[in-house]
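Have a look at the structure below, then the notes.
So that the names make sense, note that chain A is the first sequence line, chain B the second, and so on, each numbered from 1.
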Amino acid sequence: MKMIIAYINPFRLNEIRDALREAGVTGLSAGNIQGFGRQAGHTETYRGAEYEVEFLPKVRIEVLVDDSLAPTVISTIEETARTGSIGDGKIAVLPLEDVVRIRTGERGVDAL
Amino acid sequence: MKMIIAYINPFRLNEIRDALREAGVTGLSAGNIQGFGRQAGHTETYRGAEYEVEFLPKVRIEVLVDDSLAPTVISTIEETARTGSIGDGKIAVLPLEDVVRIRTGERGVDAL
Amino acid sequence: MKMIIAYINPFRLNEIRDALREAGVTGLSAGNIQGFGRQAGHTETYRGAEYEVEFLPKVRIEVLVDDSLAPTVISTIEETARTGSIGDGKIAVLPLEDVVRIRTGERGVDAL
Amino acid sequence: MDTGHTAWLLTCSALVLFMTPGLALFYGGMVRGRNVLAMLMKNYVAMGVVTVTWIVIGYSLAFSGDAGGLGLIGDLEFFALGELGFGTEIGLDDGEGYPDSVFLVFQLMFAIITPALISGAIAERMKFTSWVVFIAIWSIVVYAPMAHWVWGGGFIGSTDGTEIPGVGAIDFAGGLVVHINAGAAALALVLVLGPRLGWRSEIIRPHSLPLTVLGAGILWFGWFGFNAGSALAADGAAANAFLTTQIAAGVAALAWVLSEQVMHGRPTTLGFASGIVAGLVAITPAAGFVSPLWAGVIGLAAGVICFAALQLKFRFNFDDSLDVVAVHMVGGIVGALLLGLFAEAAIGGVDGAFFGAAEQFLRQVISIVIAVVFSFVATYVIAIIIDRTMGLRVSEDEERRGLDITLHEEQGYVLTE
Amino acid sequence: MDTGHTAWLLTCSALVLFMTPGLALFYGGMVRGRNVLAMLMKNYVAMGVVTVTWIVIGYSLAFSGDAGGLGLIGDLEFFALGELGFGTEIGLDDGEGYPDSVFLVFQLMFAIITPALISGAIAERMKFTSWVVFIAIWSIVVYAPMAHWVWGGGFIGSTDGTEIPGVGAIDFAGGLVVHINAGAAALALVLVLGPRLGWRSEIIRPHSLPLTVLGAGILWFGWFGFNAGSALAADGAAANAFLTTQIAAGVAALAWVLSEQVMHGRPTTLGFASGIVAGLVAITPAAGFVSPLWAGVIGLAAGVICFAALQLKFRFNFDDSLDVVAVHMVGGIVGALLLGLFAEAAIGGVDGAFFGAAEQFLRQVISIVIAVVFSFVATYVIAIIIDRTMGLRVSEDEERRGLDITLHEEQGYVLTE
Amino acid sequence: MDTGHTAWLLTCSALVLFMTPGLALFYGGMVRGRNVLAMLMKNYVAMGVVTVTWIVIGYSLAFSGDAGGLGLIGDLEFFALGELGFGTEIGLDDGEGYPDSVFLVFQLMFAIITPALISGAIAERMKFTSWVVFIAIWSIVVYAPMAHWVWGGGFIGSTDGTEIPGVGAIDFAGGLVVHINAGAAALALVLVLGPRLGWRSEIIRPHSLPLTVLGAGILWFGWFGFNAGSALAADGAAANAFLTTQIAAGVAALAWVLSEQVMHGRPTTLGFASGIVAGLVAITPAAGFVSPLWAGVIGLAAGVICFAALQLKFRFNFDDSLDVVAVHMVGGIVGALLLGLFAEAAIGGVDGAFFGAAEQFLRQVISIVIAVVFSFVATYVIAIIIDRTMGLRVSEDEERRGLDITLHEEQGYVLTE
Ligand SMILES: Nc1ncnc2c1ncn2[C@@H]1O[C@H](COP(=O)(O)OP(=O)(O)O)[C@@H](O)[C@H]1O
Ligand SMILES: Nc1ncnc2c1ncn2[C@@H]1O[C@H](COP(=O)(O)OP(=O)(O)O)[C@@H](O)[C@H]1O
Ligand SMILES: Nc1ncnc2c1ncn2[C@@H]1O[C@H](COP(=O)(O)OP(=O)(O)O)[C@@H](O)[C@H]1O
């Protein structure tokens with residue numbers, strides 16, 4: 001099993017969720033993060049003092065999947081999140097040893 | 001060592017923390033996420049426009065533990081987080097290669 | 001490749017980002033979390049009712065790096081985040097199987 | 001007609017209306033984020049519901065001539081404003097220096113905020129529809145009679161002229177009618193409703209104290225209309241009421257945070273805001289009857305005693321969520337009692353015990369007992385009836401998910417989109 | 001000079017000024033968090049821009065003597081306040097019971113809030129500089145003439161005395177001049193501007209309803225100045241306008257949430273706040289002309305009809321983001337029409353159709369048509385010109401990143417530092 | 001007694017009280033989220049502390065008869081309100097068209113907000129207890145004498161009648177007494193206190209500009225009470241002050257954002273809000289003395305000069321956190337000086353240099369120098385004494401964790417529970 005993490009632009013979240021659902025994913029978790037990368041930040045000005053704010057608002061999504069579904073999930077995110085401009089974000093794939101569904105106690109692939 | 005991640009209902013957080021402490025866990029980190037899963041979202045209505053909001057507020061906790069403690073942590077979370085209704089959440093177990101305590105520079109199990 | 005996660009004090013974030021950039025890291029993601037650990041929380045009092053709030057505001061940063069850069073990243077975070085007092089936080093190192101840059105579709109080390 | 005009086009009372013009416021949004025914020029900031037809109041809504045809706053009940057019947061029950069001279073209730077001469085409703089201008093009668101409709105609307109604002117005050121006690125768990133029904137009934141069955149008794153020629157405010165022996169209590173701007181009334185009703189309602197899930201076991205914290213603090217500021221501002229407007233003139237009595245209001249609020253807020261410092265080692269912002277309200281409540285019945293420094297004493301007493309009264313709910317185990325009993329019932333009692341001591345004929349025409357008229361203190365005591373008992377019992381009965389019929393409380397699941405989503409299908413804040 | 005009238009009108013002027021911050025919050029809470037400051041700013045800037053345009057020329061176009069007796073526009077006697085500008089006190093002429101400068105400043109506050117009302121329609125996508133230019137022009141070219149026609153001796157308000165045949169419509173506090181005017185302008189501007197990215201496809205939610213609810217509370221409070229101040233005296237007419245305002249607002253809010261309950265199964269906080277505003281809008285033209293219970297009927301109609309009018313933008317596919325058309329244009333029309341039925345000479349000197357003067361209804365209809373057509377066409381032309389020259393709209397990238405950062409280099413909230 | 005004057009001054013007193021909550025929000029929004037309550041509290045507490053000091057002694061020092069005819073300080077006739085304190089109504093003396101107690105309470109509101117203004121400078125690092133002690137002392141030792149000198153018959157406001165040669169400066173609503181006084185005090189206090197941790201090295205951003213913008217709106221609203229109320233009558237002078245206030249605020253806000261546009265390429269919301277306040281500050285001393293268009297010139301100057309003055313703290317390296325010096329001291333000086341040019345006898349009884357009385361400009365200069373020096377020196381001494389005894393500043397750890405938790409054991413926002 002894999003844990004797939006993606007850092008994406010916030011305004012793509014709902015579409016990615018819909019695409020993943022169509023691809024057979026039954027759940028995901030999303031959180032707000034501040035992203036730093038190649039994409040330039042912005043200037044903020046308060047009473048004449050200018051600040052370079054290098055962090056940009058991004059969303060981090062986390063999907064637990066069976067190995068067999070992992071490639072589909074990755075390509076689905078890739079396609080749906082891509083706008084072609086810098087800052088589209090990254091996908092990371094981590095090994096996942098086990099999953100438990102709390103409600104039922106199911107384990108492993110059954111818990112997904 | 002393992003990194004144990006759990007997506008739980010927000011109102012269980014304090015009890016889980018207490019239970020984990022009792023089980024010997026010395027630290028954990030918790031963040032707010034939006035969860036999407038089998039549990040149904042809700043409708044929001046603003047000036048006559050209805051929206052299906054599919055994300056639900058959940059809490060994501062992350063615990064770094066020694067292998068030996070991992071099973072206890074998992075079962076403790078399972079028991080404390082369970083309400084029996086859909087949306088109780090999931091636990092994921094990831095391999096953890098190393099841990100460092102910043103203050104002291106300790107590594108591995110000692111850093112926990 | 002590794003995913004390096006660090007739980008740090010919020011007021012160290014900007015310095016750590018600058019230090020990591022200097023060390024050759026091209027990106028990172030940061031999120032707000034509530035940390036529980038050895039560091040004591042605080043009391044809050046509302047209309048005479050006192051509450052022990054055991055969670056402290058921390059920042060969680062996540063850096064995807066090539067194996068070769070990992071030790072530098074760890075030691076850079078260690079040095080920049082350390083104040084010497086309890087609550088400086090922890091660094092966790094996880095194995096990372098793959099990375100994709102969404103914009104270009106690059107994979108692995110090239111995607112970093 | 002006196003344009004100065006009219007200008008002042010119109011201004012005061014607007015100020016008192018503005019108190020209800022202020023109160024909504026004061027309360028809204030203190031609940032958890034998932035219940036903020038439901039809290040605001042329970043206050044705002046009073047501005048709709050009570051406007052209707054007051055115009056239709058409340059004003060008539062409270063302020064048209066006493067029915068049968070019993071001193072118990074108004075007659076129905078002004079039912080639906082009587083001849084003043086459709087088709088005759090209500091504004092031109094100037095018997096008392098200002099148009100009748102000014103008095104009507106000024107009193108309406110009081111009738112609105114009183115049930116809104118109760119909403120703090122039932123925060124985070126009461127059904128919205130039941131709340132609407134509750135305040136509609138309560139404003140007619142509890143508020144209007146009490147207003148009649150005290151201000152409308154009824155037996156509490158009078159010493160004679162009513163069939164029932166007059167109590168002769170005084171209440172400048174609503175210690176009995178507004179605060180003790182709301183506080184006792186809050187207690188009754190809470191006993192029927194029961195505590196919130198997690199009360200005393202979970203951490204239940206205010207979600208936005210800046211809202212609460214702003215609300216307290218608006219309340220202070222609006223309260224000048226409430227108290228100084230109750231002089232029903234732009235004159236020295238209004239000025240005295242204005243000054244005593246300011247002093248009591250300031251002193252009570254200081255007294256409250258000082259008590260906190262002594263008991264918990266820290267003064268809090270919520271404490272200061274609460275002290276403001278406690279002082280304003282306590283001076284309400286007294287504002288036009290006492291001199292400035294005595295107002296300070298009343299403020300001092302209110303700050304300390306209301307702070308101490310916060311413990312009542314823990315001692316007797318009732319979840320008066322935002323402390324309506326401790327602040328309004330207890331604060332109102334403090335003011336109504338001390339008024340019996342400090343009132344002075346040179347100020348407002350009535351002497352208290354300190355100025356030789358010990359019986360005034362007794363009158364105040366009796367009036368308080370009547371107000372507490374009547375309001376508590378009547379409210380309890382209304383609450384039981386609503387509970388048995390529509391149900392007062394949301395389901396456990398709704399309570400846990402929050403009332404904003406479940407009752408109103410809205411979220412208070414969506415800050416990250 | 002009458003000090004009571006003066007006191008009241010100064011107070012009302014302050015109240016009406018306060019409505020613009022209230023409106024800013026009302027709107028600001030409804031946009032997404034990344035556009036909150038841009039929304040606030042588009043309202044606040046009207047307090048700067050229109051102050052200047054009004055003092056320099058707007059007041060003169062609206063309220064100095066009619067140029068040529070045509071009933072079309074004021075002469076330029078008070079250009080830059082005329083002799084009153086530099087060096088002569090403007091405040092001492094007391095022809096009408098209060099200083100001239102009070103009337104000037106009271107009217108200025110109306111001139112400010114009217115273009116601010118429009119800003120709700122163009123939320124989240126209009127350039128700031130273009131907005132500034134737009135309201136500067138609009139306040140001179142659209143607002144000032146309309147104010148002249150209705151209130152300044154022009155052909156809509158008059159029945160005779162102008163070269164153009166007078167319409168003889170009545171408008172107590174700005175149904176035509178303020179609300180229909182702003183609403184029709186909003187429609188025109190939105191048609192040129194186009195919808196927001198993601199309109200009808202994405203979830204676009206209010207980011208902070210507590211702000212909106214507070215804004216509605218401030219509006220209600222300030223509206224007493226708007227309507228009761230429009231009596232231009234502290235008298236029975238003001239009192240009647242005050243009372244009708246209160247009743248219409250309360251009833252409309254209830255009617256709106258009841259409609260929601262029926263149509264969607266849930267009353268919402270945003271609905272209650274919207275209903276308040278709808279009621280206030282609808283009673284605005286009528287406040288001084290109808291009796292209290294008829295005001296309730298107007299409120300009822302406004303609540304139900306404005307709620308239904310929310311669907312217009314979906315039916316006809318224009319992104320009137322915060323429903324300026326449904327609330328202000330439709331609400332203003334409801335009030336201006338019903339006034340033609342319910343007005344009564346005993347109250348405000350004019351009878352409507354129900355009281356025997358059927359022609360008044362016709363006059364109201366004609367005035368509404370003129371106001372809608374003029375405002376729509378003139379605004380459309382202004383919008384097209386600005387669009388072709390400076391551009392009305394931000395870039396797609398700016399819209400996506402949010403106007404706060406891109407137009408103002410600021411963030412609304414930084415809650416976690 | 002004139003009921004119109006009384007109505008107006010009671011209204012104004014309420015408006016000025018409301019400015020302090022407005023100021024609290026204005027400042028509170030500009031600090032980081034972990035210090036918001038501590039900021040609000042430092043403002044609100046002034047409403048408690050100064051109410052007490054003013055009633056007990058401040059009013060007497062400022063406004064009872066001059067002690068010994070020196071023009072330096074009031075006698076103690078009204079110590080604890082003198083005979084007016086306990087047991088005699090203060091409200092019925094109507095020597096000047098309104099009850100004495102109205103003047104007392106109106107002036108009290110000024111005495112409250114002045115030290116509150118200072119709090120912006122010491123944001124995010126000053127101990128609460130030391131702040132309480134500071135404002136208690138400051139309101140007696142610095143504010144009351146200054147008020148006496150300028151308004152209470154002392155040597156700055158008089159040309160003769162005092163032993164000390166009178167300066168003969170004019171100050172309509174508090175350019176010297178309130179703004180320059182607060183600004184110079186802020187500078188002194190900040191020099192003793194030192195800069196915040198991370199000043200000039202870290203990003204220190206406002207946590208909630210909507211709060212700040214709302215605060216500016218409330219300030220604008222309340223300031224009509226401040227300035228137009230200072231006419232102490234509902235008359236043409238009040239109307240003129242009202243109008244000049246409106247114009248100066250609007251123009252200054254525009255001037256500020258235009259300066260931003262030129263210097264940084266972007267107009268900001270915080271800039272607009274700041275410009276509002278700068279304009280209001282600058283017109284304060286002048287409101288009743290200049291005609292409308294000159295008020296526009298004062299507003300223009302204030303917007304540009306205060307914006308430029310923001311750089312002072314970077315140039316001279318003092319952490320005046322929320323720019324009290326740039327806005328209040330500099331803005332107050334702009335107004336007090338230009339008043340010496342533009343004042344006109346036809347408006348307020350005094351001519352400035354442009355109207356032939358060049359010496360008035362000199363008088364203004366002298367009065368400014370005295371105010372700045374006195375306030376700075378006296379405040380510096382008080383600050384040093386408190387620093388040596390109780391300490392002015394929180395510990396580094398407290399500063400880092402935030403003052404809300406460490407001083408008040410509360411959190412401003414708990415949005416996710
Ligand atoms: N090495 C990294 N570790 C963790 N997160 C990263 C890393 N690099 C980029 N990110 C995340 O991805 C986002 C986009 O990265 P960026 O370099 O700006 O653009 P792109 O992915 O198009 O090259 C960043 O804002 C950050 O959240
Ligand atoms: N495959 C997944 N990957 C990541 N998070 C998931 C996944 N499935 C569920 N979750 C998280 O767990 C929460 C509960 O899941 P849900 O399917 O609603 O109920 P249950 O766990 O009872 O089956 C979700 O809201 C989401 O946060
Ligand atoms: N076992 C753990 N799992 C996850 N997070 C942890 C763990 N232990 C500590 N943390 C995180 O590190 C932070 C600091 O830990 P703490 O024990 O207080 O101090 P120190 O790291 O100096 O020993 C905590 O607030 C928490 O966010």
**Prompt:** Which residue pairs satisfy the salt bridge (charged side-chain N to carboxylate O under 4.0 Å, His left out) criterion with at least one member in residues 201-228 of chain E, sequence neighbours excluded?
**Reply:** B/Glu44-E/Arg205, D/Glu417-E/Arg205

**Prompt:** How far apart are the closest heavy atoms of E/Pro210 and D/Gly412, and which atoms are they?
**Reply:** CD-O, 3.2 Å

**Asked** Nearest heavy-atom pair of E/Ala238 and D/Leu10: which atoms, and what distance?
**Response** CB-CD1, 3.9 Å

Nearest 0.5 angstrom please: [X] [atom1] to [Y] [atom2], how far?
| X | Y | atom1 | atom2 | answer |
| --- | --- | --- | --- | --- |
| D/Leu415 | E/Thr416 | CG | OG1 | 10.5 Å |
| D/Trp54 | E/Gln246 | CH2 | CD | 12.5 Å |
| E/Leu214 | D/Ile218 | CG | CD1 | 5.5 Å |
| D/Thr3 | E/Trp8 | OG1 | CH2 | 12.0 Å |

**Fill in**
The side chain to side chain contact (heavy atoms under 4.5 Å, CB included) partners of D/Ile135 (sequence neighbours excluded) come to D/Val45, D/Ala46, D/Val49, D/Pro115, D/Trp131

Against chain D, work out which of [options] has the most heavy-atom pairs shorter than 4.5 Å and name it.
| options | result |
| --- | --- |
| E/Val290, E/Thr212, E/Ile247 | E/Ile247 |
| E/Leu211, E/Val213, E/Thr269, E/Ile203 | E/Thr269 |
| E/Phe342, E/Phe224, E/Trp223 | E/Phe224 |

**Message:** Can you confirm whether E/Met263 is buried at CE, in the sense that more than 12 heavy atoms of other residues, nucleotides or ligands lie under 6.0 Å from that atom?
**Reply:** no

**Fill in**
Whatever's closer than 4.5 Å to a heavy atom in chain E on D/Ala24 counts as neither

Is there side-chain contact between [X] and [Y], with heavy atoms separated by less than 4.5 Å?
| X | Y | value |
| --- | --- | --- |
| E/Phe221 | D/Pro21 | no |
| E/Pro292 | D/Ile55 | no |
| E/Phe242 | D/Ser13 | yes |

**Message:** Suppose a student defines contact as a heavy atom less than 4.5 Å from any heavy atom of chain D. Which residues in residues 270-277 of chain E would they list?
**Reply:** E/Leu270, E/Phe272, E/Ile276

**Item:** Pairing residues for D/Thr20 by the side-chain hydrogen bond (donor to acceptor under 3.5 Å, both in side chains) criterion, not counting sequence neighbours
**Value:** none

**Asked** Aromatic rings D/Phe18 and E/Phe18: how do their planes relate, parallel, tilted or perpendicular, breaks at 30° and 60°?
**Response** perpendicular

What residue, out of [options], has the most heavy-atom pairs lying under 4.5 Å from chain E?
| options | value |
| --- | --- |
| D/Gln411, D/Glu410, D/Met41, D/His408 | D/Glu410 |
| D/Leu37, D/Asp404, D/Thr6, D/Val105 | D/Leu37 |
| D/Thr11, D/Val36, D/Val56 | D/Thr11 |

**Contact origin within E/Val257 toward chain D - heavy atom pairs under 4.5 Å** = side chain

